[in-house]
Structures are given as C-alpha cells and as structure tokens.
Amino acid sequence: MSLRITDDPAADDLLSSNPLALLIGMLLDQQVAMETAFAGPLKIQQRTGSMDAATIAHDDPEAFAAAFSQSPAVHRFPGSMAARVQALCAAVEQDWGGDAENLWTRDAPDGPTVLKRLKALPGFGEQKAKIFLALLGKQCGFDGDGWREAAAPYGEEGSFRSVADIVGPESLTKVREHKRAAKAAAKNGA
C-alpha cells in the first residue's frame, strides 16, 4: 500500500507503513485540513522520537502536549488533541497488544466487526469509524466481508466523499468539492 494523502512523501510513507500513524491521522482529521491531520503523525514521530502505542501512551502528558504545540502545531487544538492521541494509544496498547493493525486483522474480522472495534476507540464516532473502514477497504487491502456496506456511504465505489477516496491531487480536489457541496446543502436546509 502506498498512500498519497498529504502531498508530503515522508508523511505519506509513514502512513503507508505504520498502521498506528494512519489511525492517529484519522483521529486528528477534525477541524483542520485533511493534509494537516494526516501529516500530524510524522510531526509527532519527529518531535517525540516514537510512533509506538505504548511509548506514546506512557509519555509525560505535558511533554507530549508541548511537542504538539511546537510550531507548526500538530493540530489547531494541540492540548486536547495530544490527550486524545494518548488515550487512543492507551486503548491500542491495552486492547490490541500495542499493534493498531490488530483492529482489522485479528481473527480475520468482517466489515461490521471492524466498524464496531473502531467505534469503541477513544475519539472515533460512527462517521469517523466508517470513513476509516472505507480507507482500509479502498486503499489498504482490507477485504473483510461486508466492509462496503458497513462503511456506507463512504465505502461506495467511485465516490469522492472522504480521505478514503484520496489517491492524489485530483481526487483531493473532488473530495473538497463534494464536502463544500454537502456543507452548502446542509446550510440551505436541503
């Protein structure tokens, strides 16, 4: 798998090779541009020296938040998002043996099971879990039964709804257009 989400080859390489980095990128994907969110794991790794669930979970919260706040900040809400990343890493360590990939590989789960596992994570609601499941299915080789249905509408083939559909600059533009149109429709009561 070779993701192209951030337009930064080093950040995309980390997302492609480290399941925890990808999961953290998804967690950070709120109230910031997608590229900023998914570039966050590389900043975390560069500033803390780690992209390991146990190490991050047990890092000093103040030091970890300070790393988030360094310019350019990992997220526009560095304190609260640093705490969320540490909570996510603690859950991965405790429930998944420290390996984020176990969420979608342990016991060969189907799509609905992975969705349920994702929704149980700190910071992952229904929509975020569905988008991440769609990303796993569309770009990361996850082929558990029923993943498209469980990820609906984000699992739809040929759609441009979310980060799951971004494979380069052209698809990023289409996803942004879709989001703008959806926001306008919601604002106009459609």
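- Under a hydrophobic clustering in which Ile, Leu, Val, Met, Phe, Trp and Tyr are joined whenever their side-chain heavy atoms come within less than 4.5 Å, directly or via other members, Leu15 and Val32 fall into different clusters.
- Judged by distance alone, the side chain of Gln139 and the main-chain N or O of Leu3 form no donor-acceptor pair under 3.5 Å.
- Across Ser50 and Ile56, no two heavy atoms sit closer than the pair O-CD1, 4.0 Å.
- Using a 4.5 Å heavy-atom cutoff, the side chains of Arg161 and Pro153 are in contact.
- Taking the side chain as every heavy atom from C-beta outward, Asp52 and Leu20 never approach each other to under 4.5 Å.
- If you take CG on Asp12 and CG on Leu42, they are separated by 10.0 Å, rounding to the nearest 0.5 Å.
- A donor-acceptor contact shorter than 3.5 Å is absent between the side chain of Lys128 and the backbone of Gln30.
- Screening Asp59, Val74, Leu14 for a side chain to side chain contact (heavy atoms under 4.5 Å, CB included) involving Ile44 leaves a single residue, Val74.
- The backbone N or O of Ala37 lies less than 3.5 Å from no partner atom in the side chain of Asp29, so there is not a single donor-acceptor pair.
- Asp165 and Ser171 share no donor-acceptor pair across their side chains, judged by distance under 3.5 Å alone.
- In the displayed structure, Gln127 atom CD is contacted under 6.0 Å by at most 12 heavy atoms of other residues, nucleotides or ligands.
- A distance of 10.5 Å separates OG1 in Thr55 from CZ in Phe64, rounded to the nearest 0.5 Å.
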Criterion side chain to side chain contact (heavy atoms under 4.5 Å, CB included) on Asp95 and Arg117, from CA distance to verdict = CA-CA 10 Å; Asp95 301 334; Arg117 291 173 177 182; over 6 Å; no

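- Between Phe160 and Arg176 the shortest side-chain heavy-atom distance does not fall below 4.5 Å.
- Thr6 places no side-chain N or O within 3.5 Å of a backbone atom of Glu35 that could act as its donor or acceptor partner.
- From Leu121, atom CG reaches atom NZ of Lys116 across 13.0 Å, with rounding to the nearest 0.5 Å.
- The closest side-chain heavy-atom distance from Pro41 to Asn18 is not below 4.5 Å.
- Side-chain polar atoms of Asp110 and Thr113 form a donor-acceptor pair below 3.5 angstrom.
- Just one of Tyr154, Trp104, Phe142 meets the ring-ring contact (aromatic ring centres under 6.0 Å, His included) condition when paired with Phe132; it is Trp104.
- The two residues Arg106 and Gly97 have their closest heavy-atom pair at NH2-N, 4.0 Å.
- Of the inter-residue distances, the one linking Lys130 atom NZ with Leu133 atom CG reads 9.5 Å to the nearest 0.5 angstrom.
- In this structure, the side chains of Pro122 and Gln86 stay at 4.5 Å or more apart for every pair of heavy atoms.
- Not one N or O on the side chain of Lys119 forms a donor-acceptor pair closer than 3.5 Å with the backbone of Gly125.
- At a cut-off of 3.5 Å, with distance as the only test, no side-chain donor of Lys43 or Thr48 sits close to an acceptor on the other residue.
- The distance from the CZ atom of Arg148 to the CG atom of Asp143 is 11.0 Å, given to the nearest 0.5 Å.
- Counting all heavy atoms, side chain and backbone alike, Ala11 lies closest to Ala39 at CB-CA, 4.1 Å.
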Hey, mind stepping through Met34 and Lys179 against side chain to side chain contact (heavy atoms under 4.5 Å, CB included) and telling me if it holds?
-> CA-CA 12 Å; Met34 286 178 282; Lys179 287 181 176 224; 4.3 Å; yes

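- Atoms CZ and CZ, from Phe68 and Arg76 in turn, are 15.0 Å apart once rounded to the nearest 0.5 Å.
- Side-chain contact between Leu135 and Ile166: absent, with no pair of heavy atoms (C-beta onward) separated by less than 4.5 Å.
- Within a 6.0 Å sphere centred on CG of Asp7, heavy atoms belonging to other residues, nucleotides or ligands number 12 at most.
- Between the side chains of His75 and Gln31, no donor N or O sits under 3.5 Å from an acceptor N or O.
- For the pair Phe38/Leu28, no side-chain contact is recorded, criterion being any heavy-atom separation below 4.5 Å from C-beta on.
- With Arg47 contributing its side chain and Ala67 its backbone, the two residues share a donor-acceptor pair below 3.5 Å.
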Stepwise side-chain hydrogen bond (donor to acceptor under 3.5 Å, both in side chains) check, Glu93 with His58 | CA-CA 10 Å; Glu93 177 194 22; His58 297 288; 2.8 Å; yes

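- Shortest non-hydrogen contact noted between Pro109 and Val114 is CG-CG2, 3.5 Å.
- Ser159 places no side-chain N or O within 3.5 Å of a backbone atom of Gly155 that could act as its donor or acceptor partner.
- Side chains of Val92 and Leu23 form a contact here, defined as non-hydrogen atoms less than 4.5 Å apart.
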